[in-house]
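Note sheet for the following structure.
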Amino acid sequence: MDDKILVTRSSMPPYEEYTEMIKPLWESAWLTNNGTYHQEFEKQLKEYMKVQNLSLMTNGHMALELAIQAMHLSGEVITTPFTFVSTVHAIVRNGLTPVFCDISMDNYTMDVEKIEELITESTSAIVPVHSFGQVCNIEAIDALAKKYGLKVIYDAAHTFGERYYEKSVASYGDASILSFHATKVFNTIEGGAVIYKEEEYGNLLYGLKNFGIRSEEIIDEIGSNAKLDEFRAAMGICNLLHIEDEIEKRKKVAEHYRMLLQDIDGIKLLKVQAGVKENYAYFPVLFQEEKLGITRDLVYERLKDCNIYARKYFYPSVHKTECYKEKYENCKLPVTEYVSNHILTLPIYADLALEQVSRICKIILDMIK
Ligand SMILES: Cc1ncc(COP(=O)(O)O)c(C=O)c1O
């Protein structure tokens, strides 16, 4: 039996590199609370991303939750149902109401033609998601936000290392968040960051991630605890040394998939977007059963029988999950539902051998002959 191939595999720095890095922590015994590595990692990330303002967080979810809290929003927030539940939970946990906008068939991000009709007197912000690292229509979203005086917070969890016309994808909007979860292109085991425009907003964020503590005796915000510790900051510094290599290796895997699966009627791959330097975080494939005569679920099961674990991502879409379906049962989101029911993300990670990619594709192609 072949070894299991999972949808992803975490990137690790060389063992000695990391253990050398963490040795001094036994001397300093300073493990968290804005330690030396935290400061160094934050500085290096700003340089790498060419951004002015960035605040490290304990994970991508808390980055989003606190980014929203620091905006002091109210009422409704327009977002996409085709995302990881974290996006919507972060809105709801801030006491706000998510309003779902359907996605575009082109790149599975929010359909900008459908945003305006959802804006009401109560709308205070838009939270778009660069799903699978596909860049949203930033220009159109920006124009709408200006027209209606709305804040824009991008869930850029999937975009580490990506550029849009030379700028980091995660540098757009009033704020953007990143995830450094173990399954991401770049990881600190668990971790994340908020990238933001206004310095004043940054002061709020810094307070919020440490219980709202401003100084020893002043606590002026109902904050949380979202600090990144020294061990994970050290992991970030080590992994950052290898990020370009990581993305290059993923590129080869993605290109091999693309070569083997393109031009097949009924198999839809995402297009390469103009002006985008990709990070190859995911390889989502739409299996159009009306053309192929087989379902996405059948492909998923067949691969699983061969010890290959693809992922139905994002399925179910958020408005169909147990915790939201009652409230949103009358929502009409046909494109989201179609994509969610037909999509499968195939295994991709830096060290996935091209022979394995060929094997995965052969299993799929044999099914649709
Ligand atoms: C789109 C999206 N948003 C938010 C998150 C939350 O990030 P984290 O897992 O770092 O908390 C994820 C994580 O996987 C995600 O995929």
Side-chain angles (χ1 to χ4, degrees), residues 7-8 10 32 38 41-42 45 54-73 77-98 100 109-110 125-133 136 151-160 169-170 173-196 201-202 204-212 221-229 231-233 235-236 239 281-282 311 313-319 321-324 345:
V7 72
T8 188
S10 299
T32 186
H38 184 287
F41 180 41
E42 213 166 67
L45 274 181
L54 179 149
S55 180
L56 289 173
M57 296 282 165
T58 193
N59 56 49
H61 178 80
M62 285 311 294
L64 188 55
E65 215 173 287
L66 298 187
I68 293 171
Q69 189 179 349
M71 288 287 172
H72 292 151
L73 303 174
V77 173
I78 298 173
T79 190
T80 168
F82 190 66
T83 183
F84 185 54
V85 281
S86 164
T87 316
V88 182
H89 285 353
I91 295 168
V92 175
R93 287 168 60 82
N94 269 291
L96 301 161
T97 304
F100 292 124
T109 70
M110 236 185 227
I126 309 176
V127 176
V129 181
H130 301 297
S131 305
F132 306 125
C136 297
K151 296 286 184 195
V152 180
I153 305 164
Y154 281 104
D155 182 337
H158 296 178
T159 71
F160 192 84
V169 172
D174 295 288
S176 285
I177 70 97
L178 285 166
S179 162
F180 306 146
H181 184 255
T183 54
K184 298 289 190 282
V185 167
F186 171 79
N187 85 81
T188 58
I189 309 168
E190 293 264 6
V194 184
I195 297 88
Y196 54 92
Y201 170 84
L204 252 177
L205 265 185
Y206 274 95
L208 287 176
K209 74 175 175 187
N210 189 24
F211 308 99
E221 279 281 330
I222 304 170
S224 186
N225 180 1
K227 303 186 296 294
L228 190 77
D229 61 72
F231 285 83
R232 291 186 286 150
M235 187 74 166
N239 273 337
Y282 299 89
R311 216 179 140 195
Y313 198 51
F314 307 103
Y315 172 83
S317 53
V318 178
H319 73 296
T321 56
E322 293 302 320
C323 47
Y324 296 112
T345 56

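Keep in mind it's a predicted model, so treat the numbers as computed, not measured.
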Search all heavy atoms of [X] against all heavy atoms of [Y] and return the closest pair with its distance.
X: Thr321; Y: Pro316; answer: CG2-CG, 4.0 Å
X: Lys209; Y: Ser55; answer: NZ-OG, 3.1 Å
X: His61; Y: Ser86; answer: ND1-OG, 2.8 Å
X: His130; Y: Thr159; answer: CB-CG2, 3.5 Å
X: Ile91; Y: Thr97; answer: CG2-C, 4.3 Å
X: Leu228; Y: Gly191; answer: CD1-CA, 3.9 Å

Is it true that a side-chain atom of [X] and a backbone atom of [Y] form a donor plus acceptor pair closer than 3.5 Å?
X: Asn94; Y: Ala90; result: yes
X: Ser131; Y: Thr83; result: no
X: Ser179; Y: His181; result: yes
X: Glu221; Y: Ala70; result: no
X: Asp174; Y: Val152; result: yes
X: Ser317; Y: Pro81; result: no

**Report entry** Worked check of side-chain contact (heavy atoms from CB on, under 4.5 Å) between Glu65 and Ser224
**Finding:** CA-CA 10 Å; Glu65 215 173 287; Ser224 186; over 6 Å; no

Return the [atom1] to [atom2] distance between [X] and [Y], rounded to the nearest 0.5 Å.
X: Leu54; Y: Tyr196; atom1: CG; atom2: OH; answer: 7.5 Å
X: Leu208; Y: Met62; atom1: CG; atom2: CE; answer: 9.0 Å
X: Glu190; Y: Met235; atom1: CD; atom2: CE; answer: 12.0 Å
X: Lys151; Y: Ile68; atom1: NZ; atom2: CD1; answer: 13.5 Å

Query raised in the report: What class does the angle between the rings of Phe160 and Phe180 fall in, given that below 30° is parallel, 30 to 60° is tilted and above 60° is perpendicular?
Result: perpendicular

Requested in this report: Please state whether the rings of His158 and Tyr282 are parallel, tilted or perpendicular, taking 30° and 60° as the class boundaries.
Outcome: tilted

Side chains of [X] and [Y], heavy atoms from C-beta outward: is any pair under 4.5 Å?
X: Ile195; Y: Tyr154; value: no
X: Lys227; Y: Asn225; value: yes
X: Tyr324; Y: His89; value: yes
X: Asn239; Y: Thr188; value: no
X: Leu45; Y: Leu56; value: yes
X: Phe186; Y: Leu178; value: no
X: Leu73; Y: Ile153; value: yes
X: His319; Y: Pro98; value: no

Does either side chain, that of [X] or that of [Y], offer a donor lying less than 3.5 Å from an acceptor on the other one?
X: Tyr201; Y: His72; result: no
X: Thr58; Y: Arg232; result: yes
X: Asp155; Y: Thr87; result: yes

Requested in this report: Take Thr345 and Phe132 through the test side-chain contact (heavy atoms from CB on, under 4.5 Å) and record every step on the way to the result.
Outcome: CA-CA 10 Å; Thr345 56; Phe132 306 125; 3.7 Å; yes

Query raised in the report: Taking atom OH of Tyr315 as the centre, does the number of heavy atoms from other residues, nucleotides or ligands within less than 6.0 Å exceed 12?
Result: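 Not buried by this count: 12 neighbours or fewer within 6.0 Å.
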
